[in-house]
Every structure is written in structure tokens, then in C-alpha cells.
There are 2 protein chains.
Amino acid sequence: MSIQTRKERERAEREALIVTAARELAEAEGWEAVTTRRLAAEIEYSQPVLYSHFKGKEAIMAAVAVQGCAEMAAELRTASRAAKGKRETLAAVGEAYTAFARRRPALYDAMFTLRVDLPFATPEAPAALQEAFAELRAAVEPIAAEGDDPGLLTETYWAGLHGLVTLMRSGRLPEGAHERRLELLTGHFTAEASR
Amino acid sequence: MSIQTRKERERAEREALIVTAARELAEAEGWEAVTTRRLAAEIEYSQPVLYSHFKGKEAIMAAVAVQGCAEMAAELRTASRAAKGKRETLAAVGEAYTAFARRRPALYDAMFTLRVDLPFATPEAPAALQEAFAELRAAVEPIAAEGDDPGLLTETYWAGLHGLVTLMRSGRLPEGAHERRLELLTGHFTAEASR
DNA sequence: CCAGGAATTCTAGCAGCGCTAGCACAACTG
DNA sequence: CAGTTGTGCTAGCGCTGCTAGAATTCCTGG
């Protein structure tokens, strides 16, 4: 019994070690530097050990993505709590979202850009992911107009944030005017829709 | 003289052949199927020939992206011309944009998602790219509020469209409600901004 | 028409990728 | 302490983008 639990604990610890190493490597040098060989060296085990914990590289990235979702959810919540009115709250959450994406680009990519081994738009999506979306929704819902579906409106606002972040990060949009674009986006969502 | 021009013509033809083959392969089987070996086989030359035309795979993708920009610009213009009022025009252009992205996902990825060997937010950006942006801008500008910078507003609306497209394509958003999300986005941009 | 030189294309290979079969060793059990 | 179980390693497969250098083709001048 005790031996069994010790082994399980050790396995869990090593699994966490893998995820942490992957995340740190990705944040330090980008996901293209995260190879299974490099990762194996980092945790001081051989390559095949990785595959006894995860189905493949995508599954490791998915684990990192889930961690990222939890952190983002927490940051969105903090920003939301600190803000006062409906509009200020949405602005604060939007700001917190894009700030997170810019501060932790590798994490953000795993969550929302790269192909990853995770269910998304289904009830089986990871809890952390649903929490992050719920935070966004809590900020969007109060500014929804009469007929607007709050879920769809949240998805649409989210898309706006995501577009800003990804176009900027891939060099399609200049970094400089980010704050002003974000204001424009939030401003148009807090206005009354005309149809 | 004649020999010289013939050679140049043949080179240009072969270059076009490469770009076309890359594009068709990408559209048929996705960019991950476009390997330099596969591409070389397709054009019935050996691999190194590719590198006598392009600096690398990214440069080939960039050439495909430029083609895509030209086509998108044309489609946006067509949609714009067919629409009547300011709001209808913006809606039509947004619709044309997302329709293009969904109909030609590989082309869209080369243009706006994948890392590619192109200058973007600078005056040296390819003409086709600038034309596509100009089409978007022509549709956005008429609905800009007093103080809004039309360029920034266009970038922001573009980000919204891009976010919708990429989140949907990567499975983060369900396909079903796309039209309604697009309406929400366009609706909020054609409304008066409240600040 | 043919030899020499220049340009072009190909063969072969490098270093690295994700992933895995099968062996060797370590750890636990009776 | 012997035997069995299971864990981790070595080695290697088939692929990637890319390139050095050999081989071949083509054009030019005699």
C-alpha cells in the first residue's frame, strides 16, 4: 500500500516536472525550442519517459495550456474585481486579457493559437478553460443589449481580443497603437448596438 | 539576347509553377503536407531547384500569401460594390472576408496566421496586401465616429474578423453560430461609440 | 563542327524532428 | 535469496528543411 502510493506520488511529481519544464522552456525560447529531446534532457530522463506520461508532444502542450487557462482566469477575475462600473469592468478585463497574452506569449499560443490536444467548445472542455471564459462572460453580460445572446456576444468580444493579440504578435499589426485599438474595441462593445 | 530572354521567361514560368503547386497542395491537403520533397516531385524537379528560386520554404509560402491577398482584395471589392448603404457595405465586406477565410483556409493561413517571410505593417508590405487592407478601410471609414482614427478602427475591425475566423478554425469556437457572431461584430461597429 | 567554359541540375547527405521496439536493469514479492 | 514484474534506456525508423559538391547540359568562340 505505502509503496504503491509512493510510486504514484513520484509519478505525479515527475509529470508535473515535465509540464513545468515544457512551460519554462517555451516561455524562455518559444515552442519551437521545445523538442522531446530537449525536454527529456531538461528533466534528466530519456525521451521515452515522456511518452509514458503523455500521448505525445501535443498532450504536453495541452497540459501547459490548461495551466495557462487557470492563471488567466485568476488574472481576469482580479482585474474584474478591481473595476467599478460595467464599462470600466469590461475595459479592465479586456486590458487584463491582452496584457496576459503579451506577457506570456508561449502560454497564450498553447491556449489559443497552436494545434493542441484538447476539447474546446464542448462540455468536456477543461474546467480551467471554462472558468476563463466565464470570467470574460461575466464582464460582457452586463453590457449586452436587449436581444443579444450573452454567450455569443462574449465569443465575439473574445474574438476581437484574440484578433488584436495574434495579429500584433505575428507582426501584422504594429505594437504601438495597441492601447488605442483596445479602447476602440471595448468602446464599440459598450455602446448600444444599432441593430 | 533572345536566348537570355527565353531563359528568363522559362525561369519565371518555373517559379510560377512552384507557387501554384505549393498553393494547390496546401489547399488540397493543408500546409503540413507541403514539404520541399513533395513540392519538388510535384514540379518534376529536384529539391535544390526550389532554393534557386526562393530563400526557403517560408519564402514560397510568402509568395502564395501574396497571391491570396490579391484574390481577397478582389473579392472584398466585389462585395463592397454590390452593397448599398454604409452599414450594408461593412456587413457585406465582413461577410466576404470570413467567407474567403473559410473557403480558402490554407491561403488564409499563409496570409495571416503562419509565420511567413514578408514585411507586414510597413510601407514595404506587398502591394496586394495593402490593397486588401485598403478595401477593408474603404468599408470601415464611412462608419467611423468623429474622433476615431479610421486606420486604427479598420485594424480593430479586422482583428475582430480575424479572431472569429481563427478561433473557429482551430476549434475554439463552434462553427454553427458564425453568422450571428459576425452580425454582432458588425452591428457594434456600425453603432455610435459611447466614448 | 567541335572543344572549352559556364551555367544549371542532380545525387547524396547533414542535423534535427516526433515517436517506438526491444533489451537491460532495477525493484518488489514469495 | 531467487524469480518475476515493471520501469527506463539504447538505438533506430521515417520524416523534415536545407546544402555541398559532383555531374550534366548548354552556350560560345575557334
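Throughout, a chain's letter reflects where its sequence line sits, starting with A, and its residues are numbered from 1. On a predicted model such as this, the values are computed, not experimentally measured, just so you know. All values below come from the heavy atoms of this structure, side chains included, with hydrogens, waters and symmetry mates left out.
Residues passing the side chain to side chain donor-acceptor pair (under 3.5 Å) test with Glu131(B), sequence neighbours excluded: none. Listed by chain and residue number, nothing satisfies the salt bridge (charged side-chain N to carboxylate O under 4.0 Å, His left out) test with Arg11(B) (two or more places apart in sequence, or in another chain). In this structure, the side-chain contact (heavy atoms from CB on, under 4.5 Å) partners of Ser170(B), at least two apart in sequence or on a different chain, are Arg172(B). For the salt bridge (charged side-chain N to carboxylate O under 4.0 Å, His left out) test, residues two or more places apart in sequence or in another chain that qualify with Arg181(B) are Glu155(A). Take Glu179(B) and apply the salt bridge (charged side-chain N to carboxylate O under 4.0 Å, His left out) test, not counting sequence neighbours, and it matches no residue. For Lys84(B), there are no salt bridge (charged side-chain N to carboxylate O under 4.0 Å, His left out) partners, not counting sequence neighbours.
Val140(A) places none of its side-chain heavy atoms less than 4.5 Å from the side chain of Phe189(A).
For the segment residues 10-27 of chain A, the set of residues with a heavy atom within less than 4.0 Å of an atom of DNA chain C is empty. At a non-hydrogen distance threshold of 4.0 Å, Gly56(B), Lys57(B) from residues 53-60 of chain B come into contact with DNA chain D. Of all the residues in residues 36-51 of chain B, Arg37(B), Tyr45(B), Ser46(B), Pro48(B), Val49(B) reach under 4.0 Å from DNA chain C with at least one non-hydrogen atom.
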N/O donor-acceptor pairs under 3.5 Å from side chains in residues 63-74 of chain B, not counting sequence neighbours:
| unit_1 | atom_1 | unit_2 | atom_2 | d |
| --- | --- | --- | --- | --- |
| Gln67(B) | OE1 | Arg23(B) | NH1 | 3.1 |
| Glu71(B) | OE1 | Arg23(B) | NH2 | 3.0 |
| Glu71(B) | OE2 | Arg23(B) | NH1 | 2.5 |
| Glu71(B) | OE2 | Arg23(B) | NH2 | 3.1 |

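Rounded to 10 degrees, the angle separating the terminal axes of the helix from dG5(C)-dC26(D) to dG30(C)-dC1(D) is 20°, with each axis obtained from five end pairs.
In this structure, Arg104(A) does not pair ionically with Glu75(A), as no charged nitrogen and carboxylate oxygen lie closer than 4.0 Å.
Other residues, nucleotides and ligands contribute over 12 non-hydrogen atoms within 6.0 Å of the CZ atom of Arg169(A).
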Could you go step by step and tell me if Ile60(B) and Tyr51(B) meet the side chain to side chain contact (heavy atoms under 4.5 Å, CB included) rule?
CA-CA 10 Å; Ile60(B) 299 176; Tyr51(B) 295 86; over 6 Å; no
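The ring pair (Phe, Tyr, Trp, His ring centres under 6.0 Å) analysis of residues 103-131 of chain B, with sequence neighbours excluded, yields the pairs Tyr97(B)-Tyr108(B), Tyr108(B)-Phe112(B), Tyr108(B)-His162(B), Phe112(B)-Trp158(B).
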